[in-house]
Every structure is written in structure tokens, then in C-alpha cells.
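Have a look at the structure below, then the notes.
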Amino acid sequence: MSYEKNKREQRKDDHIQLAIDHPDSPRSAFDEIRFIHQSIPSLNIDEVNLSTTIGNLKVNHPFYINAMTGGSKRAAEINEKLAIVARETHITMAVGSMHAALKDTALAHSYMVVRQQNPNGMIFGNVGADVDVDLALQAIDMIQADALQIHVNVPQELVMPEGSRQFSTWLSTIEKIVTRSSVPVIVKEVGFGMSQETFSQLMDIGVEIVDVSGRGGTDFIHVENERRSLKDMSYLKEWGQSTAVSLLEAKPFPELDVLASGGIRHPLDAIKCYALGAKAVGMSRNMLLLIEDQGIEGTIEYVESFKEQLKIIATMLGASTLQELQDKPIVLSPGLISWQEQRNLK
Ligand SMILES: Cc1cc2nc3c(=O)[nH]c(=O)nc-3n(C[C@H](O)[C@H](O)[C@H](O)COP(=O)(O)O)c2cc1C
């Protein structure tokens, strides 16, 4: 194995292990949002239908396994297990960044295994905004992706010892991919959230779907700082907007399809995301922990229970669809109100 290849595969495995060992966030901005309990029910649980759309894709369940891995032996094993879970539970799954396979075709199987295990499922590809446009299109073909995520991860690159330092072409690369892609393109953060300014920039170049992937779950400044010899950038932890704040930032952009991920702990967090306008919710680290600890069977059980609990909470709120959840009153903490005011979000 060449030195370069060895380093890349090692980084993939580092990310998996550091994400597993990652501390849970001590607090969540989702706890700063409350629903109002109502005593008189307005519907039966079997009337709840939380199917959704992402761009022009029809999706049965409004949550998905978000991008994580590929590009090493361990990553291939994880992807295979997660793909079986996605197939058995009919949920969408994104693979991790496909650059490893685009650089070295010997690693393609660690992503293609997801399509092999789930030939008819909804699968998203994943590339970075520094990708060559032709290679991005190859990534779509490699796994017959139903949509392509383009991750934007500036803080991660900058804290990563061997990360990129060149970002000025990202926007034009995203624009070219949007123009040429045959499938919907989702511009996705990796845990630092998004802002009104970012949404405006992306809409100006034709982006229609974003995944705000906010702060509150996996923190890639923490992960990459652990890989620095001096571990000297921990003061930047908690950089970025929480997922809840990112969704507030997205309110002035009703034409955008907004997906939410980053620190989703349980179905109530997901329901709060839908109430704030998210069309679907993604989970990464929790799915990794589940597949490692509970295996395929335990993870399937978790996903089925998650689906049921979404319906339970929607019933408590008297909402039969995601759209109706958006009309339910919520109360925000003084901190979130202040954010809204300072950012002119009302
Ligand atoms: C081990 C691991 C690897 C990841 N690799 C990628 C990646 O290759 N591409 C990407 O867009 N996001 C990647 N992410 C980020 C997630 O998709 C997600 O945005 C972030 O982890 C926040 O979600 P969480 O709090 O549910 O983990 C990765 C996350 C984890 C835990």
C-alpha cells in the first residue's frame, strides 16, 4: 500500500473512531424550543402521514442516515450494515465523501456496497466543493445516486492538519455541478450550521436544497483537533450555528428545501425541526454508535421505533402531516428570541 493511500485510509478510520469516542454535547439548542400541550385530541394516530419530498424525490419517511464514511475496510463494513438497515426500514441513506474512490478505484467497493445491498433504495452520493465537476458526475454514476450531497466544511479543513486551504472556487464549482447534475444537488454543512447569507449565495447560483447540519452533535473541530499534534485548537469547539438556529435563519427562504441534521438526539428533536420547516432530518453519529453497539437488528428496531414515536408526538400535537406541524405554536427561549431579533428574522 502506498504511503498516500495508507494516510487517506487511516484518516477515514480516525474519523470513525474519534466520532465514536466524541463526547456528547452537554446541552442542545433543541431544549430551547417548547411545544404547547393540548388536552383535547383532534386526530387518531393512524391518520398521521409524515411522508415528505426532497426536491423532486418522494420519500416515505422524513429521516435519513446522513453522510459518514467509505474509503477503508472498516468503512466498507459499516456502510454495508447501514445499507441493510436502510433497505429493511425504507429510509434514505447518504454515503460519506466519495473522493477516496474517485482518486483510487480500488476503494469504490466501499461505497458501491451500499447500492448492492439496497438496489431500489434512496441513496445520496457525497463529494466536497473542491471536487472536479466531471468526477462529481462520476460519483453519481458509481452508486446510481438519487441525489448528490456537496459538503461544505471550511472549519474542518482548516483545523485538519493536512486539510485544504483553498476555498475561493467553491461557489463556482457548486454552480457548475448544479447546472450539469442529472439528480438533485444538496449543499450540506458538516456540523457548523448555515446562515441567511449562505442561503442567499446558494440560491443565487441555483441551489434548491440544503442540509443545514448544525452544531450540537458531532463537532469536526473537536475531531480534527484530536488529530493535531499539539491539540491546540479546542477553544474553537462549539463554533457555528446550532441546527435550531440554522432553521430560524432559513425562515426567510421558503423556496428552499431545507433538511436538518446535527445533534438530533431523539424523535422530539426531529419533530421540532419539522415544526421549524425542515423537510427531513438526518442522523450520523447516533447511527454509527447504534450499528457498532447494537448491530443490524438493534438498529432496525431503533429506526422502526423512531418512526412510531414521530407519529406519537405528531398525534399529541394534533398534526397529521409535516406541513401541519409548521402551524403548531412553539415557545422559544430568550436566547433564541434575541438571536431572531439581532438577525432581523421576524
Ligand atoms: C464518522 C463521520 C464521518 C463523516 N463524514 C462525512 C463526510 O464524508 N461527508 C459529509 O458530508 N459529512 C460527513 N460527516 C458529517 C455528518 O454527515 C453530519 O453532518 C454531522 O456529523 C452532524 O450530524 P450528527 O450530529 O448526527 O453526527 C461525518 C460524520 C461522522 C460522524
Side-chain angles (χ1 to χ4, degrees), residues 8-9 11-25 28-30 63-72 74-75 77-79 82 92-102 107 110-111 114 124-131 136 139 143 145 147-157 160 163 174 185-194 209-224 226-227 237-244 246 259-266 269-270 273 278 280-292 306:
R8 202 181 316 122
E9 295 196 26
R11 183 167 74 227
K12 299 287 168 189
D13 289 349
D14 284 354
H15 283 165
I16 293 167
Q17 198 52 49
L18 287 165
I20 289 171
D21 298 339
H22 189 291
D24 285 331
S25 189
S28 168
F30 290 120
F63 73 106
Y64 53 95
I65 301 172
N66 214 351
M68 273 189 284
T69 205
S72 74
R74 185 172 183 193
E77 285 163 10
I78 291 170
N79 272 346
L82 289 174
T92 301
M93 171 177 172
V95 301
S97 171
M98 300 171 75
H99 289 216
L102 296 172
L107 296 169
S110 64
Y111 303 89
V114 171
F124 296 167
N126 187 290
V127 293
D130 60 343
V131 72
I143 57 168
L148 181 69
Q149 295 179 327
I150 306 178
H151 65 257
V152 287
N153 63 339
V154 173
Q156 178 184 12
E157 294 292 344
M160 186 190 305
I174 294 170
V185 170
I186 303 165
V187 176
K188 166 184 182 298
E189 255 291 347
V190 301
F192 303 108
M194 285 187 181
I209 315 170
V210 294
D211 178 340
V212 298
S213 204
R215 174 167 63 71
T218 310
D219 177 354
F220 269 92
I221 287 180
H222 167 84
V223 168
E224 298 300 349
E226 287 295 304
R227 300 179 61 247
K237 71 178 184 303
E238 302 210 348
W239 180 269
Q241 283 85 258
S242 67
T243 303
S246 302
L259 312 181
S261 66
I264 308 295
R265 299 165 298 176
H266 45 59
D269 287 348
C273 292
V281 159
M283 278 198 288
S284 294
R285 178 169 174 262
N286 283 349
M287 299 307 293
L288 177 63
L289 296 178
L290 274 161
I291 207 74
E292 290 284 286
F306 196 105

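Start at 1 and go down the list; that is how both ligands and their atoms are numbered. Hydrogens, waters and symmetry mates play no part in the numbers below; they use all other heavy atoms, side chains included. Treat the numbers as computed from the prediction; the structure is a model and nothing was measured.
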If you measure from each non-hydrogen atom of Asn126 to ligand 1, which part falls under 4.0 Å: side chain, backbone, both or neither? side chain
What residue and heavy atom of the protein are closest to atom 25 (O) of ligand 1, and at what distance? Gly263 N, 2.8 Å
What do you reckon, does Thr69 put a non-hydrogen atom under 4.0 Å from ligand 1? no
Hey, mind stepping through Phe306 and His266 against ring pair (Phe, Tyr, Trp, His ring centres under 6.0 Å) and telling me if it holds? CA-CA 8 Å; Phe306 196 105; His266 45 59; 8.6 Å; no
Taking only non-hydrogen atoms of Met68, do any sit less than 4.0 angstrom from ligand 1? yes
Distance under 4.0 Å to a non-hydrogen atom of Arg285: what atoms of ligand 1 satisfy this? 24 (P), 26 (O), 27 (O)
Short N/O distance, under 3.5 Å, between Ala67 and ligand 1? yes
In the protein, which heavy atom is nearest to atom 27 (O) of ligand 1, and how far is it? Thr218 OG1, 2.5 Å
Return the closest protein heavy atom for atom 20 (C) of ligand 1 as residue, atom name and distance. Val190 O, 3.6 Å
For Ile78 against Leu288, the heavy-atom pair lying closest together: CD1-CD1, 3.8 Å
How far is atom 12 (N) of ligand 1 from the closest protein heavy atom, and which atom is that? Lys188 NZ, 2.9 Å
Nearest to atom 16 (C) of ligand 1 by heavy atom, Gly217, Ala260, Ser213, Ser284: which? Ser284
Around atom 8 (O) of ligand 1, find the nearest protein heavy atom and jot down its residue, atom name and distance. Ser97 N, 2.8 Å
State the atoms of ligand 1, each with its element, that fall below the 4.0 Å cut-off from a heavy-atom position in Gly262. 22 (C), 23 (O), 25 (O)
Within a strict 4.5 Å, meaning less than it, do heavy atoms of the Leu102 and Val127 side chains meet? yes
Go through ligand 1 atom by atom and flag the ones less than 4.0 Å from a non-hydrogen atom of Ala19. 1 (C), 31 (C)
For residues Ala260 and Val212, report the shortest heavy-atom separation together with the two atoms involved. CA-CG2, 4.1 Å
Determine whether a donor-acceptor pair (N or O, by modelled atom type, separation under 3.5 Å) exists between the side chain of Asn79 and the backbone of Thr69. yes
Give yes if a backbone or side-chain nitrogen or oxygen of Asn286 is under 3.5 Å from a nitrogen or oxygen of ligand 1, and no if not. no
Any chance you could lay out the salt bridge (Lys or Arg N to Asp or Glu O under 4.0 Å) test for Glu292 and Arg74, step after step, and finish with the verdict? CA-CA 11 Å; Glu292 290 284 286; Arg74 185 172 183 193; 2.9 Å; yes
Salt bridge check: are Arg227 and Glu224 linked by an N-O gap of less than 4.0 Å? yes
Taking the side chain as C-beta and beyond, is there a heavy-atom pair between Asn66 and Met283 under 4.5 Å? no
contact_flag Glu189 ligand 1 heavy-atom lt 4.0 Å: yes
Using a 4.0 Å heavy-atom threshold (strictly under), name the region of Gln149 that reaches ligand 1: side chain, backbone, both or neither. neither
Does any donor atom in the side chain of His22 or Asp219 lie under 3.5 Å from an acceptor atom in the other side chain? no
A side-chain contact here means heavy atoms from C-beta on lying under 4.5 Å apart; do Asp211 and His151 qualify? no
